[in-house]
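Just so it is clear, the structure is predicted and the values come from calculations on it, not from any experiment.
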Amino acid sequence: MTQVNDVRDAHVETTPAPTVSPWQPLSQPVFRMLWIATVVSNVGSWMSDVGINWSMLTLSADPLDIALVQAASSLPMFLFALPSGVMADIVDRRKYLLFSQLWVFIAAAGLTVLSFTGHVTPTVLLVATFLLSVGAAMSSPPFQAVVPDLVSKPELGAAVALNSLGVNISRAIGPALGGFLLSLAGPWMVFALNTLSVVGVAWVLWRWRPAPSIQRLPPEHFFSAVRSGIRYVHAAPVLRNVLVRTVAFFVFASAGWALLPLVARRELGLGPAGYGVMLACIGLGAIAGAILLPRLRQRLNADRLMVAASLTFALTMLALAFVRHVWLLNLFEFFTGFAWIAVLSTLNLGAQRSAARWVKARALAVYLTVFFGSMTTGSAIWGQIASRFGTPTSLVVATLGMVLASATVFRWKLGKDPDLNLDLSGQPLDGVEIDLPNERGPVLVSHEYIIDPNNTKAFLEAVHELRRVRRRAGAMSWAVYEDIERPGLFIETFLMGSWIEHLRQQERHTMNDLLLQSRVLAFHQGTTSPAIRYLVAPV
């Protein structure tokens, strides 16, 4: 291993990022085709959501049943997003995405048949919503993880915003079109069109031929991949901050979505077309937000933008509680969409930039699990409160909670480590070449550093940064010790589950990890590189 005795040796040249047009990712053919197909599919999904919500309003008068639709939609993401992210990291993502589209097609087709034959009940609607959302849970982590494969790194932020824009274009079109078709032909029609809308995405995925990835090591087993993904999240402070802020927003924001159909039908007396127009206003606000976000990000950092959007969303929930003039409320719902897209894109981009490529789908799956778990929990809570104390009371309590939760910005900042570079370095940190069976283990790895006593405190601060590097890449434990008989001799140790886990750790190091290691090596006073030892449990 090459010794680095000066942190400047590992300096990474940085140049100002080139200005990227918000539309530039659409110049990438596969991204463009997948984006268009996904917009069409999402239009179908929003039409189906309107059909399900309106059917439930027709079949049940209990506010809790209405809120349970939102809970049934969110629960699968909470349950299955992480397993799906693991699968997307250890199997062929394209084939896995195709399977998820087949699942959605079958579930949507089944709901269409039941609706056409008049066999829909509240239970059928909740089960169908759950199954459709299972398909979404399977597809969301790999869909988000493939975005960096379809665009260049400078285009990633614009690509994330375009994906959010696509969702909200469909939000503007789907509900209004769904409401019109509901009044014209009934729910079965919107369910049928949702079934057909899945075909376009499947066709693009079928034609897409991603560049083959060369894997020197065998793929991880499912449960070990789950453990390594959770360890990564635990040792990634930027991602942890994203997750905390996700909970702080969505537990309370779920009230606006869960109780919106109830306000539309019971408080405003709207039909399906009017409810669709209300959802379309949210979508139009989200489109406007996606277009203006690049300019807003130039003036506001991620934390300020998040707080501003949260307070705006809180204000719109307060309006939903008390405003009973349809078009005035639709104006507030426009700003609901604006705030929603600002929050979603900010958190999504934070999750993307805090996840290394080897664990991208798993890290994003954890984010989605927390996101939808918060939505599921919140929907059930606000539905129960609305059932006992009334819809306005539930919305006011959620509004106050969101305002208070905005204070999390002082402790958990999204802008932490703005220069974080998680591109794979392509070189191991210790350069080990030992012929050992993959299954041997556990493996205790030690690095010995000779440190000037005057630099002990600074060295310990630097080496503790390596703790996160080792843990993120799979270490089960980490510690550093000083030799009592030889002051200044420090031994860093970390435990790997097996030899193959250690080899995987070597492949997972990022440019940021190399920079952190260089800071540690700058304190080493030996004439050679730090001694490295490998202790393997006996057979």
Asker: State the OG-CG distance between Ser354 and Leu349, to the nearest 0.5 angstrom.
Answerer: 9.5 Å
Asker: Could you check if a side-chain atom of Arg245 sits within less than 4.5 angstrom of a side-chain atom of Val343, using non-hydrogen atoms only?
Answerer: no
Asker: Counting N and O atoms only, with roles assigned by atom type, does the side chain of Ser100 sit under 3.5 Å from a partner on the main chain of Leu97, one being a donor and the other an acceptor?
Answerer: yes
Asker: If you measure from CG on Leu132 to OG on Ser45, what distance do you get to the nearest 0.5 Å?
Answerer: 8.0 Å
Asker: Please report the shortest heavy-atom distance between Ala355 and Lys360, naming the atom on each side.
Answerer: O-NZ, 3.1 Å
Asker: Please check this pair: side chain of Thr316 against backbone of Phe332, looking for a donor-acceptor N/O pair closer than 3.5 Å.
Answerer: no
Asker: Glu501: what forms a salt bridge (charged side-chain N to carboxylate O under 4.0 Å, His left out) with it, not counting sequence neighbours?
Answerer: Arg504
Asker: Before you tell me yes or no, could you show the steps for Met402 and Phe313 under side chain to side chain contact (heavy atoms under 4.5 Å, CB included), namely the whole-Å CA-CA distance, both residues' side-chain angles and the distance that decides it to 0.1 Å?
Answerer: CA-CA 9 Å; Met402 180 171 288; Phe313 197 95; 3.8 Å; yes
Asker: Side chains of Val277 and Trp327: does their closest heavy-atom pair fall under 4.5 Å?
Answerer: yes
Asker: Heavy-atom count check: over 12 atoms from other residues, nucleotides or ligands less than 6.0 Å from Trp103 CH2?
Answerer: no
Asker: Check whether Ser133 reaches the backbone of Ala136 with its side chain - one donor and one acceptor, N or O, closer than 3.5 Å.
Answerer: no
Asker: Any non-hydrogen side-chain atom of Ile52 less than 4.5 Å from a side-chain atom of Phe191?
Answerer: yes
Asker: Look only at the side chain of Thr246 and the backbone of Phe371, and say whether a donor-acceptor pair between them is shorter than 3.5 Å.
Answerer: no
Asker: Can you name the closest pair of heavy atoms from Gln101 and Ser139 and give their distance?
Answerer: NE2-CB, 3.9 Å
Asker: Compare every heavy atom of Leu347 with every heavy atom of Val242, then report the nearest pair and how far apart it is.
Answerer: CG1-O, 3.7 Å
Asker: Please lay out, stage by stage, how Thr121 and Val124 fare under the test side chain to side chain contact (heavy atoms under 4.5 Å, CB included).
Answerer: CA-CA 5 Å; Thr121 65; Val124 167; 3.3 Å; yes
Asker: Check whether Trp188 reaches the backbone of Leu114 with its side chain - one donor and one acceptor, N or O, closer than 3.5 Å.
Answerer: no
Asker: Tell me whether the count of non-hydrogen atoms from other residues, nucleotides or ligands lying under 6.0 Å of CZ in Arg388 goes above 12.
Answerer: no
Asker: Identify the two heavy atoms, one from Ser374 and one from Val370, that lie closest to each other, and give their separation to 0.1 Å.
Answerer: OG-O, 2.7 Å
Asker: Only counting residues at least two apart or in another chain, list the ones meeting side chain to side chain donor-acceptor pair (under 3.5 Å) with Thr123.
Answerer: none
Asker: List the steps, then state whether side chain to side chain contact (heavy atoms under 4.5 Å, CB included) holds for Asn194 with Met47.
Answerer: CA-CA 7 Å; Asn194 180 42; Met47 291 169 56; 5.8 Å; no
Asker: Identify the heavy atoms of Ala37 and Val204 that sit nearest to each other, and give their distance.
Answerer: CB-CG2, 3.9 Å
Asker: Give a yes or no on whether the backbone of Gln24 and the side-chain of Ser27 come within a donor-acceptor separation of less than 3.5 Å.
Answerer: yes
Asker: Side chain of Thr376, backbone of Phe372: donor and acceptor closer than 3.5 Å?
Answerer: yes
Asker: Taking the side chain as C-beta and beyond, is there a heavy-atom pair between Trp412 and Val247 under 4.5 Å?
Answerer: no
Asker: Does Thr369 reach the main-chain N or O of Ala365 with its side chain, forming a donor-acceptor pair under 3.5 Å?
Answerer: yes
Asker: To the nearest 0.5 Å, how far apart are CG in Leu34 and CG in Leu205?
Answerer: 5.5 Å
Asker: Between CG of Asp303 and OG1 of Thr346, what distance do you get to the nearest 0.5 Å?
Answerer: 9.5 Å
Asker: Could you tell me the separation between the CZ atom of Phe338 and the OG1 atom of Thr312, rounded to the nearest 0.5 Å?
Answerer: 8.0 Å
Asker: Do Met56 and Thr129 have side chains that get closer than 4.5 Å, going by heavy atoms?
Answerer: no
Asker: Quick one: do Arg297 and Ser345 satisfy side chain to side chain contact (heavy atoms under 4.5 Å, CB included)? Show the steps, please.
Answerer: CA-CA 11 Å; Arg297 287 198 177 102; Ser345 62; 3.0 Å; yes
Asker: Is any side-chain heavy atom of Leu364 closer than 4.5 Å to a side-chain heavy atom of Gln352?
Answerer: yes
Asker: Do the non-hydrogen side-chain atoms of Trp340 and Ile282 ever get within less than 4.5 Å of each other?
Answerer: no
Asker: Does Phe130 CZ have over 12 foreign heavy atoms under 6.0 Å away?
Answerer: yes
Asker: With sequence neighbours excluded, what pairs up with Arg240 under the salt bridge (charged side-chain N to carboxylate O under 4.0 Å, His left out) test?
Answerer: none
Asker: Kindly indicate whether the side chain of Thr336, heavy atoms from C-beta on, has any atom under 4.5 Å from the side chain of Leu320.
Answerer: no
Asker: I'd like to know if the side chain of Ser84 and the backbone of Ala137 have a donor-acceptor N/O pair within less than 3.5 Å.
Answerer: yes
Asker: What's the shortest heavy-atom distance between Pro142 and Tyr96, and which atoms?
Answerer: CG-CD2, 3.9 Å
Asker: Got a second to check how far Leu311's CG is from Leu315's CG, nearest 0.5 Å?
Answerer: 9.0 Å
Asker: Test your reading of the model: is there a side-chain donor-acceptor pair from Arg94 to the backbone of Trp206, 3.5 Å cut-off?
Answerer: yes
